[in-house]
Amino acid sequence: MKTYDFKSIEKKWQDKWDEEKTFAAKQDFSLPKYYCLVEFPYPSGNGLHVGHLRTYTGLDVVARKRRLEGYNVLYPMGWDAFGLPTENYAIKNKIHPRAVTERNIALFKRQLKSIGFSFDWGREVDTTDPDYYKWTQWIFLRLFEKGLAYKKEMAVNWCTSCKCVLANEEVISGGCERCGSEVVRRVKSQWMLKITAYAQRLIDDLDEVDYIERVKFQQKNWIGRSTGAEVDFHTTAGGDIRVYTTRPDTLFGATYMVISPEHALIDTWADRLTNLDEIKAYQEESARKSDFERTELSKEKTGVELKGVRAVNPVNGNEIPIFISDYVLVSYGTGAIMAVPGHDTRDWEFAKKFGLPIIEVVQGGDIEREAFTDCETGVMANSGFLNDLSVEDAKVKITGWLTETGKGESKVNFKLRDWVFSRQRYWGEPIPIVICPHCGFVPVPESELPLKLPEVESYEPTDNGESPLAKLDDWVNVKCPCCGADAKRETDTMPQWAGSSWYFLRYCDPDNGGAVASREALEYWTEVDWYNGGMEHTTLHLLYSRFWHKFLYDIGVVPTKEPYAKRTSQGMILGENGEKMSKSRGNVVNPDDIVDENGADTVRLYEMFIGDFEKAVLWNSASIRGCRRFLDRTWALQELGFSNQKGIRPEMEGDIHRTIKKVSQDIESLKGNTAIAALMTLLNMFYDSGSVTKEELRIFLLLLNPFAPHVTEEMWQTLNFGSGISGQRWPSWDEEKCREDTVEIVAQINGKVRAKLTVPADIAEADAVAMAKEEPKIAEMLRGKTVLKELYVKGRLVNIVVK
RNA sequence: GCUGGUGUGGCGGAAUUGGCAGACGCCCGGGACUUAAAAUCCCGUGAGGGCAACCUCGUACCGGUUCGACCCCGGUCACCAGCACCA
């Protein structure tokens, strides 16, 4: 058997698809639509990764199947091209980032086309194109207008290597998400987006979308909603300290308070504090620590008592000491806590170290040994009017009491922080704001958008934390659009996540000069029906774009509350040695090489066959051969000889229909591995039977087409099966025909298989049991035994229980 | 530490969710074709025992429920991922 010439065949069809725009989404909005989306890549100089292929192939299979099912499919591709690697490469090699970007896009595009993806290339978007980022800036101005974009001086995450601030979502275990370098705190004035205003809706609306569970779980976890109460504690200095607690029921157990070292009250009390030097020293020490050091769990608790001021527990009037400690974060709740050492591990550790009283207010634990925290079902003690109540009832009662007495109120808190949105780098969208000494922050007028990135000689980041744009006096100095006075431009740029927060909208109407996209196009195409992308974007891009989309919904730009109806996620492809693919490990597989060696269809097939789509898999170059052989054998069906019979041979009917069903259903759950296995099994049947009919082959090619589009198109043409396979209809199955007339069931004695027998599928229980008993082997084993029970499971087994 | 997930042959992985464990493929062994090799085709392939038909064991480990458990329950271990002093 000869192998087929994949090189010429694949080239031929790719050129034809390009020329004829076979996969362009139609402008006819009366057709049923389907919007398939994959995360657009960052076009790095390394080119495409086999991991990209996995996600793009997965949804390419879905998109191709949908077209065959008669949908008007939008499956677009574009470039998330702003970003640091390009900028760093440009600096190092003294090339403009624009030139680097264009080169990398060309590389990616060539590679993507060589795989035969059915992208609609007429709708390509590029986040660095001024015609595109005009609208990124436009959305920013709408956010600013609504008070959701604001500039604030605050302690932010600073990557020491990128020389740039990071959002909370970009800090992974104290390191930079991109480069892994140390992240330190630095006080800077930053643009922020008020994503916290959407925290509750970002949680609630997860109920309305079809995302895989772990994505929903991780987003909820990240947003971190908790319910509790805020309580005011009077102080001997006159003012109050407000704390947030999720356990107001334990108020009687609060034996001291802790406020964060950055808490504003400390300065106001300076006159009264008798150990101010000690306090100042502690504050400075905390400020010096990196986030990582501060949050290290294993370390011992530290802190300093604020001598000279005491707080009063509102529920019993007891005077209690106040401490500062860095285990209380200024950024969460009110930056102050009531400490209940009996029922909180951190408070317990702190109390033990500083010799503070520990009171049991929920019965059942041993607070001498450890904090009793797992006490939600306990009963209250030492708690005045809460005594003998369940924890649940105590929460209700104390919250009521706090509200009535004006000493507090119930309160919901989130872990989610506002999104730090400015970056001190060159290769990003300029923030379209002018800073005027009289008018403050003034938006650049819409007519002046896009505010283009100025050409510069050097893009080096600065050590003083300023954007490289700050050096361009001509660009920076402008007249205030409002009052005409001398003013300056904002010189920070937007983070990489800006352009990707709305790109899926642009695909709907990519050339629109007057809007993000036309209302008509958005009404038709959105929501995205199926979005696939990486788990690493769950609390970054995916969360950010949901936030922007909800905002755009609120101001009437988009017609849907949520951007994506369905979200799935592919597992990572690891190197052959089980490690993450990377240049330094030397285990990177280059798509160009394997496509050149095996052909695109084989590689596509392998990427789908390699294992569970959602799980991480190891690349195995030897296994590709199996997929290659399968396609060779498919090609060779043309030489097998056709059966004279018309239609499907009766003996093949059941298998054909079952295969249609299996492949159709498996594609819907991205189970390419079992779909392909079913096709392999069917092919083996054709060979075992020594022939195939044209109708059988026609169906087989259609089922295989989404996985291996080139070879199936070629065979379709060679065999004269009519106009191109891409214009055909997906085969349907007949449930009746999937059923088998006779089935093989097993006969068991005490649950162990002892014989197999073939019976009619609809056999009655009594008959099946009787047949089983007639089997010589079963009869033999039954001799001299007492039958206790006889069981029959339809189409499966007979089990005889004996003693 | 908390939360979620995973654990099946030499390997990647199947198994209609309580009903024949190991589909499909890779690797490997044997054979055919060939001067030879590659490719291809055929046969075998969880472990142990038996000439055989067959028998025993086997889904990380220990125990339980059940006529019957990879699947359900209790406990243990290992690995992966997310969060990580969030009061």
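Please read these numbers as outputs of a predicted model, since none were measured by experiment.
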Any pair counted as side-chain hydrogen bond (donor to acceptor under 3.5 Å, both in side chains), so long as it reaches residues 667-677 of chain A, sequence neighbours left out: K65(A)-E668(A), R66(A)-E668(A), D666(A)-T674(A)
If we take the C1' atom in both rA78(B) and rG68(B), what is their distance in whole Å? 29 Å
Looking only at atom P, what distance separates rA14(B) and rG7(B), rounded to whole Å? 9 Å
Go through the N and O atoms of the side chain of K789(A) and the base of rC67(B), and report whether any donor-acceptor pair is under 3.5 Å. no
Could you tell me whether the side chain of Q748(A) has a donor or acceptor atom within less than 3.5 Å of a complementary atom in the base of rG19(B)? yes
Nearest to the side chain of R629(A) - rC27(B), rG19(B), rA14(B)? rC27(B)
Hey, do the aromatic rings of W619(A) and Y606(A) have their centres closer than 6.0 Å? yes
How are the rings of F350(A) and F323(A) set to each other: parallel, tilted or perpendicular (split at 30° and 60°)? perpendicular
In residues 331-342 of chain A, what residues come within less than 4.0 Å of RNA chain B, judged by heavy atoms? Y332(A), I337(A)
Answer yes or no: are there more than 12 heavy-atom neighbours, outside K580(A) itself, under 6.0 Å from its atom NZ? no
With distance as the sole criterion, is a donor-acceptor pair present between the side chains of Q200(A) and R225(A) under 3.5 Å? yes
In a table with atom names and distances, give each donor-acceptor pair under 3.5 Å that connects a side chain of residues 210-218 of chain A to protein atoms at least two apart or in another chain.
from: R214(A); atom 1: NH2; to: E614(A); atom 2: O; distance (Å): 3.4
from: K216(A); atom 1: NZ; to: L206(A); atom 2: O; distance (Å): 3.0
from: K216(A); atom 1: NZ; to: V209(A); atom 2: O; distance (Å): 3.0

